[in-house]
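Taking it in order: structure first as structure tokens, then the write-up.
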Amino acid sequence: MRKCNDWPVSICSWSLQEEVQKVAESMRKLDIAYVHLAVRPAIGEEGREYFKFIREQDWTISCAMIDFPHEDYTTVDTIKETGGVTPDEHWDENRKLALGAIDITAELGVEYLSTHIGFIDHTKPEYTKKFYDRVRVIADAAAEKNITFLLETGQETAEDLKIFLEELNHPAIQVNFDPANLILYEKGDPIEAIRVLAPWLKHVHIKDAIRTKTPGTWGEEVPWGDGEVNSDAFLKTLKEINFHGALAIEREAGDNRFGDIKKAAEILSAFRG
């Protein structure tokens with residue numbers, strides 16, 4: 001089983017853009033036994049085969065993940081409008097998906113469930129109240145099943161997310177830290193953000209990126225080690241804050257995802273900081 005120091009190395013199941021059977025095959029080739037598992041395909045009667053296959057694997061699920069089908073990542077503006085629980089016209093559907101994902105996560109015996117919850121905006125009181133209320137509904141449901149709901153970083157600065165976490169003050173809400181998202185969304189320095197969010201960090205994505213040169217547009221996601229995260233400094237900072245979770249390799253771009261994930265796994269395995 002591949003590790004980075006004492007941290008288990010995990011893989012995001014959706015990164016390979018393959019059927020789950022192919023994901024299992026790739027994990028064997030990479031000597032990775034941990035997975036950050038997309039669970040939307042397991043929700044409902046149509047998901048029984050997917051769920052059955054997952055139960056048959058000798059995997060450790062480091063975290064489950066739920067996404068929402070209406071989300072549009074074409075531009076920063078489109079995802080701000082469509083991301084997470086914020087669109088009113090999709091709230092009922094999204095609430096049901098989140099609750100279904102909580103049930104599946106509990107059935108699998110997994111502690112964490114992650115998502116992009118949407119954009120935090122404290123400048124609009126009506127929006128802020130709606131956002132807090134919706135997140136609290138999901139958090140309460142997660143707590144009932146002993147699930148910790150992890151909010152993924154990137155769509156706001158670490159300071160804004162810290163304010164949200166402190167004001168919501170819900171024990172079932174913690175953080176899945178993605179350093180590349182902070183770069184892609186132009187929301188600050190990932191190393192500084194680790195220290196700001198350290199009390200809430202439970203799970204980490206290994207993903208790299210280069211900042212945009214045109215404000216308001218996407219940066220570029222690149223293979224781990226080729227961007228601006230600085231792998232050694234990032235891992236040393238996780239060690240400094242006494243992080244104890246898994247490192248899940250995520251790759252959402254490029255035409256050689258298996259090769260890029262393999263490269264990231266090798267870099268992590270070689271770390272001796």
Side-chain angles (χ1 to χ4, degrees), residues 1-2 8-73 82-85 90-117 138-139 141-152 172 176 178 202-207 245-254 257-258 260-262 264-265:
M1 181 185 71
R2 201 179 286 269
V9 175
S10 185
I11 183 174
C12 294
S13 66
W14 58 93
S15 286
L16 289 161
Q17 294 184 306
E18 299 277 10
E19 295 295 324
V20 69
Q21 292 82 1
K22 290 283 189 180
V23 173
E25 187 178 312
S26 294
M27 288 174 64
R28 285 192 293 273
K29 290 178 181 177
L30 293 164
D31 191 29
I32 291 176
Y34 282 67
V35 62
H36 188 177
L37 182 70
V39 295
R40 182 153 63 94
I43 296 173
E45 284 303 312
E46 64 277 14
R48 287 292 96 187
E49 285 302 311
Y50 182 92
F51 183 83
K52 181 175 180 290
F53 182 84
I54 298 303
R55 291 295 294 265
E56 291 169 350
Q57 305 311 302
D58 188 22
W59 294 343
T60 298
I61 302 172
S62 61
C63 185
M65 186 279 288
I66 183 65
D67 63 328
F68 303 109
H70 62 83
E71 293 176 315
D72 181 355
Y73 282 88
T82 65
V85 300
H90 295 292
W91 166 234
D92 188 54
E93 174 192 3
N94 290 345
R95 180 182 59 81
K96 290 175 183 175
L97 277 174
L99 297 181
I102 288 166
D103 289 342
I104 292 292
T105 303
E107 280 190 70
L108 290 169
V110 178
E111 182 177 3
Y112 300 130
L113 170 65
S114 75
T115 197
H116 284 284
I117 201 67
I138 296 171
E144 288 178 8
K145 295 290 179 76
N146 296 314
I147 303 298
T148 301
F149 203 69
L150 305 185
L151 310 187
E152 187 161 334
N176 175 53
D178 187 312
K202 300 298 180 185
H203 195 260
V204 166
H205 275 175
I206 296 298
K207 189 169 78 182
L247 307 179
I249 302 168
E250 184 179 34
R251 184 72 171 118
E252 296 195 292
R257 295 196 181 193
F258 179 86
D260 293 342
I261 291 167
K262 183 174 185 288

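For reference, positions follow the sequence shown, starting with 1.
- Minimum heavy-atom separation, Ala64 to Val39: CB-CG1, 3.7 Å.
- Of all the heavy atoms in Ala265 and Ile32, the pair that sits closest is CB-CD1, 4.3 Å.
- When Thr148, Leu108, Ile102 are each tested for a side chain to side chain contact (heavy atoms under 4.5 Å, CB included) with Leu113, only one passes: Ile102.
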| request: Let me see the working for Arg251 and Phe258 under side chain to side chain contact (heavy atoms under 4.5 Å, CB included), right down to the final yes or no. | output: CA-CA 9 Å; Arg251 184 72 171 118; Phe258 179 86; over 6 Å; no
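- Taking CD from Glu250 and OG from Ser13, the interatomic distance works out to 10.0 Å, rounded to the nearest 0.5 Å.
- Remark: Glu93 CD is packed, more than 12 non-hydrogen atoms of other residues, nucleotides or ligands lying under 6.0 Å away.
- Between His36 and His205, the ring planes lie tilted relative to each other; the angle falls in the 30° to 60° range.
- By the 4.5 Å heavy-atom criterion applied to side chains, Ile117 and Phe149 are counted as neighbours.
- Closest approach of Arg40 and Ile66 over heavy atoms only: CB-CD1, 3.7 Å.
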| Working for side-chain hydrogen bond (donor to acceptor under 3.5 Å, both in side chains), residues His203 and Ser114 | CA-CA 9 Å; His203 195 260; Ser114 75; over 6 Å; no
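- Here Glu144 contributes atom CD and Asp103 contributes atom CG; the two are 10.0 Å apart, rounded to the nearest 0.5 Å.
- In this structure, the side chains of Phe51 and Glu107 come closer than 4.5 Å at one or more pairs of heavy atoms.
- Side-chain atoms of Ile11 and Leu16, non-hydrogen and from C-beta on, do get closer than 4.5 Å to each other.
- Judged by distance alone, the side chain of Glu25 and the main-chain N or O of Gln21 form no donor-acceptor pair under 3.5 Å.
- Taking CG of Asp58 as the start and CE of Met1 as the end, the distance is 11.0 Å to the nearest 0.5 Å.
- In plain terms, the two heavy atoms of Ile104 and Ile43 that are nearest each other are CG1-CG1, 4.2 Å.
- Shortest non-hydrogen contact noted between His116 and Phe68 is O-CE1, 4.0 Å.
- Note that NZ of Lys202 is 14.5 Å distant from OG of Ser62, once rounded to the nearest 0.5 Å.
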| query | Under the side chain to side chain contact (heavy atoms under 4.5 Å, CB included) criterion, do Ile54 and Ile61 qualify, and how do the steps go? | reply | CA-CA 10 Å; Ile54 298 303; Ile61 302 172; 4.0 Å; yes
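- Considering all non-hydrogen atoms of both residues, Arg95 and Asp92 come closest at NH2-OD1, 2.9 Å.
- Ion pairing of Asp260 with Arg257 is absent here, as no side-chain N (NZ or NE/NH1/NH2) approaches a carboxylate O to less than 4.0 Å.
- Two residues are said to be in side-chain contact when any heavy atoms from C-beta on lie closer than 4.5 Å; Tyr34 and Leu247 fail this criterion.
- Looking only at side-chain heavy atoms (C-beta outward), Lys207 and Cys12 stay at 4.5 Å or farther from each other.
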| task | Give the C-alpha distance, both sets of side-chain angles, the deciding distance and a yes or no for side chain to side chain contact (heavy atoms under 4.5 Å, CB included) between Asn94 and Ile138. | result | CA-CA 10 Å; Asn94 290 345; Ile138 296 171; over 6 Å; no
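- Between Ser15 and Ile261 the shortest side-chain heavy-atom distance falls below 4.5 Å.
- When side chains are defined from C-beta on, Met65 counts as touching Asp67, because their heavy atoms get closer than 4.5 Å.
- Looking at heavy atoms from C-beta onward, Leu150 lies in side-chain contact with Cys63 at the 4.5 angstrom threshold.
- Note that CZ of Arg2 is 6.0 Å distant from CG of Asp31, once rounded to the nearest 0.5 Å.
- To the nearest 0.5 Å, the span separating CD on Gln17 from CD on Glu252 amounts to 9.0 Å.
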| Chi angles and distances behind the side chain to side chain contact (heavy atoms under 4.5 Å, CB included) call for Arg48, Lys52 | CA-CA 6 Å; Arg48 287 292 96 187; Lys52 181 175 180 290; over 6 Å; no
